[in-house]
Amino acid sequence: MSTFFKKVAMAAVIGAAMCVSATATAAPITDVKEYANNTASEFFVINDAAKYSSPYYRDANQDWGWTHNAIAGTHSSIKLDISAFDVDFSTLFNGEIDLIWIFDGSDWLSLGALAGATDIWAFTSFDLSSYSWAQAQVNAGLQVKMNIDALNEGWLVTLGKSSLIVDGGDQVCVPTPGVPCTPVSVSEPASLGLFGLALLGLGLRRRKSAV
Ligand SMILES: [Ca+2]
Ligand SMILES: [Ca+2]
Ligand SMILES: [Ca+2]
């Protein structure tokens, strides 16, 4: 075996070992809350046709919340995508303000308002990765609640789904309710990751031999 191929083989072994340790602690998961798993106090709408119907299209006095399934492991990225219909938001002081709150382990923390526009479905994405409490709360089951029409101006909103996406997620979702999320193929990125790590290992070995 030539020196070059020995280096490649060694780098592949190092890469594979790094890959195994990485996947052991964190698998990409998308936890989706939607109509199919509503509890008695949750109001994700069944489909697009029901978006203006009670009890889904809700006003300032009909605030509600939900809890995501607990996801074990250590996660490098944590993202929350909430799909909402008819968020009549224009500016902070003029329009519909639907505030999203998260339980941080001791208190409720506001993440900000839902984005969107009149008569459309839209995702609002909140990146929780940098919060010190996010990891523990995802492990415990992330609790979310919404203050509908915080300015009490008579606005209503319907939610389609809430997707908790860790480490990039294993599903791709669209905001429209009744449309299932589709699985992400992980085989190709995994092999690309292995290849990349093998190249990294080769590079490190080259640097070492150059010193
Ligand atoms: Ca309210
Ligand atoms: Ca509207
Ligand atoms: Ca509205």
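What's counted below: heavy atoms across the whole structure, side chains too, no hydrogens, waters or symmetry copies. Ligands are counted one by one from 1 in listed order, and the atoms in each one are counted from 1 as well.
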**OP:** Considering just N/O/S atoms, say which atom of Asp86 is closest to the Ca ion (ligand 2).
**Re:** OD1
Original post:
In Asp88, what N, O or S atom is nearest to the Ca ion (ligand 2), if we give its atom name?
Top reply: OD2
Original post:
At their closest point, which heavy atom of Trp121 faces which heavy atom of Leu159, and how far apart are they?
Top reply: CZ3-C, 3.8 Å
Original post:
Side chains of Trp66 and Ser162: is there a donor and an acceptor less than 3.5 Å apart?
Top reply: yes
Original post:
Side chains of Asp88 and Thr118: is there a donor and an acceptor less than 3.5 Å apart?
Top reply: yes
**OP:** Look at Asn147 and state whether any of its N, O or S atoms is less than 3.0 Å from the Ca ion (ligand 1).
**Re:** yes
**OP:** State whether Ile148 contributes an N/O/S atom found under 3.0 Å from the Ca ion (ligand 1).
**Re:** yes
Original post:
Is the distance from the Ca ion (ligand 3) to the nearest N/O/S atom of Leu156 under 3.0 Å?
Top reply: yes
**OP:** Among the N/O/S atoms of Glu96, select the one at the shortest distance from the Ca ion (ligand 3) and name it.
**Re:** OE1
**OP:** Report the C-alpha distance between Tyr52 and Asp119 in whole Å, list the side-chain angles of each, state the deciding distance to 0.1 Å, and finish with yes or no for side chain to side chain donor-acceptor pair (under 3.5 Å).
**Re:** CA-CA 10 Å; Tyr52 289 115; Asp119 297 334; 2.6 Å; yes
Original post:
Is Ile100 reachable from Val87 through a run of hydrophobic residues whose side-chain heavy atoms are each under 4.5 Å from the next?
Top reply: yes
Subject >> Check against side chain to side chain donor-acceptor pair (under 3.5 Å), Trp155 and Asp86 >> reply: CA-CA 9 Å; Trp155 306 102; Asp86 190 40; over 6 Å; no
Original post:
Angle at the Ca ion (ligand 1) between O of Ala60 and OD1 of Asp63, to 10°?
Top reply: 80°
